Protein chains: 2
Amino acid sequence: MSETYRYPHGDRLLVAIDCIIFGYDETGLKVLLVKRHIEPGKGQWALMGGLLNAQETLDEAARRILIILTGMHDVYLEELKVFSEVDRDPVERTISVTYFALINIHNYEHQISTDYEARWFSISHLPELLFDHAHMITYAKNKLKYKAALHPIGFELLPEKFTLTQLRNLYDSIFETELDKGNFRRMILASGLLIQLWEKDKSASKKGAYFYQLDEKKYKEKFNSFLNLTPNSKTISWQ
Amino acid sequence: MSETYRYPHGDRLLVAIDCIIFGYDETGLKVLLVKRHIEPGKGQWALMGGLLNAQETLDEAARRILIILTGMHDVYLEELKVFSEVDRDPVERTISVTYFALINIHNYEHQISTDYEARWFSISHLPELLFDHAHMITYAKNKLKYKAALHPIGFELLPEKFTLTQLRNLYDSIFETELDKGNFRRMILASGLLIQLWEKDKSASKKGAYFYQLDEKKYKEKFNSFLNLTPNSKTISWQ
DNA sequence: GCAAAAGTGTTCCGGATACACCCATGC
DNA sequence: GCATGGGTGTATCCGGAACACTTTTGC
C-alpha cells in the first residue's frame with residue numbers, strides 16, 4: 001500500500017543491486033569481485049553492483065549488471081535477500097537487493113569491459129570487502145548449499161560436457177564433504193537428468209571417463225521438485 | 001556499489017513493504033486483508049503494507065506494520081520476494097518487499113486499530129485484489145508449502161496446545177492432501193519436537209485426544225535442518 | 001605388471017507406506 | 001452395543017550408505 005509519503009528532506013533512499021557471482025574450477029568454488037574505483041570504499045574489493053533504473057525491474061537490473069561485467073547472457077540468476085541496515089552505506093541510505101548468479105567460469109572472458117578490474121577469489125580466501133558484502137557472500141554460500149541439496153542447480157557451474165567425477169568434485173566443494181563415488185554415481189544417474197555421451201575425457205585417467213550432458217527437457221521438468229541430490233542432507237542447515 | 005546517481009527529476013522511487021499474513025482455523029488456511037481507504041485502488045482489498053521509513057530496516061518495517069494491524073509481537077515473519085514491475089503501482093514507481101507472516105489466528109483480536117478494516121479470507125476464495133497482490137499471495141502460498149515440507153513452520157499457525165489431529169488437518173490444508181493418520185503421528189513424534197500434555201481435548205471425540213505442545217529447545221535446534229515433515233515431498237514443487 | 005582412476009556389485013539397515021487392527025467413551 | 005475418532009501394530013518395499021570388487025589403459 002503506497003500512502004502519501006515523503007522521505008525527510010535530504011534523506012534520499014537508493015535501491016541498489018549486488019550480484020554474488022559464483023564460478024567453479026578444479027581448485028574449488030570462486031566468487032567474482034571487482035575493485036571499487038569510487039568513494040566511499042575506493043580501492044576495496046566488492047561485489048559487482050549498480051543502482052536500479054527508473055524503467056527496469058530488479059531482475060532486469062541484475063541481468064544488466066551481470067552482462068556489463070561478464071558479457072554473459074544465459075546465466076542462472078536468483079534473488080537472494082534485501083540488505084537494509086540503515087548505516088550499511090556510510091554516505092547515503094541505500095538498500096541492496098542481492099542476487100546470486102552461477103556461471104560457467106570457462107565461458108567467462110576477462111576484459112569484457114576495461115571499466116572494471118575484476119578477479120576471481122576462492123570462496124575460502126576472500127579479501128576484505130566493502131560494506132556488508134562479506135555477509136552477503138556468506139548468506140549466498142549457505143543458500144547455494146541449501147538449494148543445491150534439493151534442486152539440480154550445480155550443473156550451471158560446469159561446462160556443457162562434464163564427467164561424473166568433475167560433478168562429484170563440485171558437489172564436494174559445495175557441501176564441504178567427500179561423497180562416495182559409487183553412490184553418487186548411481187544417485188545422479190537415477191535422477192535421469194544426464195545423457196551419456198560417447199566421448200571420453202582422458203585428461204584425468206588412463207582409462208578415461210565418459211562425458212555427460214544435461215537432458216534439458218528432464219532438467220526443466222524436474223527443476224522445481226525436491227530431488228535429494230546429496231547424501232546426509234539431514235546435516236545441511238539454513239542461515 | 002552505490003555510484004553517484006540520481007533518478008530523473010520527478011521519478012521518485014518508493015520502497016514499500018507488504019505482508020502476507022496467514023492464519024488457520026478448522027475451516028482451512030486464511031489470509032488477512034485490509035480494505036484500502038486511499039487512492040489509487042480505494043475500496044479494494046489489499047495486503048497490509050506501508051512504506052519504509054528512513055531510520056528502520058525492512059525487517060523492522062515489516063514488524064511495525066504487522067503490529068499496527070494485529071497488535072501481535074512474537075510473530076513468525078520472513079522475507080519473501082521483492083516485486084518491482086515498473087507499472088505495478090499506476091501512480092508512482094514503487095517496489096514492494098513482501099514478507100510472509102504466520103500467526104495464531106485465535107490470538108488475533110479485531111479492532112486493534114479502527115484505522116483499518118481488516119478481514120480474514122479463505123485462501124481458496126479471495127476477492128479481487130489491489131495491484132499485484134494476488135500474485136504475491138500465490139507466491140507466498142507456494143513458499144509456505146515448500147518451507148513447511150522441510151521445516152517445522154506449521155506450528156506457528158496453531159495455538160500453544162493442539163492435538164495431533166489438528167496438526168494433521170493443518171498439514172492437509174497446506175499440502176492439499178490427506179495424510180495417513182498413523183504415519184503422520186509416528187513421523188511427527190519421531191521428530192522429537194513435541195511434548196505430550198496430560199490434558200485431553202474432548203471436543204472432537206468421546207475418547208478425547210491428548211494435547212501436545214512444542215518443545216521450544218528442540219524446535220530451535222532443529223529449525224534450520226531438513227526435516228522430512230511430509231510424505232510425498234517428492235511431489236511438492238516450487239514457484 | 002602396476003598404479004590410478006573409472007565404474008560395478010552386494011549387503012545391510014532404517015524409514016516411508018499402506019492398511020488392518022485395538023481402545024475408550026458417550027449415547 | 002455401536003458409532004466415532006484416537007491410537008497402535010506390522011508386513012512390505014525402497015533407497016541410502018558402506019565398502020569391496022572389477023575394468024581399462026598408459027607407462
Side-chain angles (χ1 to χ4, degrees), chain A residues 26 148-150 152 158 161-172 175-213 222 225-236, chain B residues 26 148-150 152 158 161-173 175 177-213 222 225-236:
Chain A
E26 315 71 48
L150 296 170
L158 289 177
K161 299 185 297 185
F162 49 84
T163 66
L164 293 185
T165 304
Q166 284 166 14
L167 185 61
R168 181 164 48 81
N169 286 335
L170 167 62
Y171 275 91
D172 281 347
F175 298 128
E176 298 165 292
T177 47
E178 302 249 325
L179 302 177
D180 180 273
K181 206 177 17 157
N183 294 335
F184 179 79
R185 205 183 173 74
R186 260 186 302 270
M187 176 272 283
I188 208 76
L189 292 176
S191 77
L193 291 167
L194 297 188
I195 299 170
Q196 189 192 323
L197 305 177
W198 293 108
E199 188 186 346
K200 280 192 167 187
D201 169 33
K202 291 238 177 190
S203 66
S205 79
K206 289 143 191 174
K207 185 177 176 183
Y210 285 111
F211 279 117
Y212 288 79
Q213 67 177 30
K222 297 198 176 182
S225 9
F226 286 158
L227 283 177
N228 216 15
L229 288 166
T230 170
N232 53 331
S233 64
K234 296 271 155 58
T235 66
I236 308 260
Chain B
E26 314 72 48
L150 296 170
L158 290 177
K161 299 184 296 185
F162 47 85
T163 66
L164 293 185
T165 303
Q166 284 167 15
L167 184 61
R168 182 164 47 81
N169 286 335
L170 167 61
Y171 275 91
D172 281 346
S173 296
F175 299 127
T177 49
E178 301 248 326
L179 302 177
D180 180 272
K181 205 176 21 154
N183 295 336
F184 179 78
R185 207 184 171 74
R186 260 187 300 271
M187 176 274 281
I188 207 76
L189 291 177
S191 76
L193 291 167
L194 297 187
I195 298 170
Q196 189 192 321
L197 304 178
W198 293 108
E199 187 187 347
K200 280 192 168 188
D201 169 33
K202 292 236 175 191
S203 66
S205 79
K206 288 145 192 172
K207 183 178 177 183
Y210 284 111
F211 279 117
Y212 288 79
Q213 68 177 30
K222 298 197 175 183
S225 9
F226 286 158
L227 296 168
N228 210 12
L229 289 168
T230 170
N232 53 334
S233 64
K234 294 274 153 56
T235 66
I236 309 262

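Throughout, a chain's letter reflects where its sequence line sits, starting with A, and its residues are numbered from 1. Quantities reported herein were computed from a predicted structural model and do not represent experimental measurements.
Using cut-offs of 30° and 60° on the angle between ring planes, the pair A:Tyr171 and A:Phe184 is tilted.
Residue A:Lys181 is the one, among B:Gly182 and A:Lys181, whose nearest nucleotide of DNA chain C lies closer to the 5' end (criterion: closest heavy atom). For the pair A:Arg186 and B:Thr163, both in contact range of DNA chain D, the more 5′-proximal nearest nucleotide belongs to B:Thr163.
Checking the phosphate oxygens (OP1, OP2) of C:dA6, a side-chain nitrogen or oxygen of A:Thr165 falls inside 4.0 Å. Checking the phosphate oxygens (OP1, OP2) of D:dG6, no side-chain nitrogen or oxygen of B:Arg185 falls inside 4.0 Å.
Here D:dT8 presents its C1' atom at 17 Å from CZ of B:Phe184, a figure rounded to the nearest Å. Atom CE of A:Met187 and atom C1' of D:dA18 are 15 Å apart (whole Å). Rounding to whole angstrom units, CG of residue B:Asp180 and C1' of D:dG6 are separated by 13 Å. Taking atom CD1 of A:Ile188 as the reference point, atom P of C:dG7 lies 14 Å away to the nearest angstrom. In this entry the distance linking OH of B:Tyr171 with P of C:dA16 reads 14 Å, nearest Å. In this structure, B:Trp198 atom CH2 and D:dG6 atom P are separated by 17 Å, rounded to whole Å. What separates CD of A:Gln166 from P of C:dA5 is a distance of 14 Å, to the nearest Å. B:Leu179 has its CG atom 11 Å from the P atom of C:dA18, to the nearest Å.
With A:Lys222 contributing its side chain and A:Ser191 its backbone, the two residues share a donor-acceptor pair below 3.5 Å. Of the possible polar contacts, one joining the B:Asp172 side chain to the B:Leu179 backbone as a donor-acceptor pair under 3.5 Å is found.
Residue pairs meeting the salt bridge (charged side-chain N to carboxylate O under 4.0 Å, His left out) criterion with at least one member in residues 191-202 of chain B, sequence neighbours excluded, are B:Lys161-B:Glu199.
Within residues 200-213 of chain B, the residues that have a heavy atom under 4.0 Å from DNA chain D are, in order of number, B:Ala204, B:Ser205, B:Lys207, B:Gly208, B:Ala209, B:Tyr210.
With rounding to the nearest 0.5 angstrom, the OH atom of A:Tyr212 is 12.5 Å from the CD atom of A:Gln166. Separation of atoms CG (A:Asn169) and CD (A:Glu178) is listed at 8.5 Å; rounding is to 0.5 Å.
Considering all non-hydrogen atoms of both residues, A:Asp180 and A:Arg168 come closest at O-CD, 4.1 Å.
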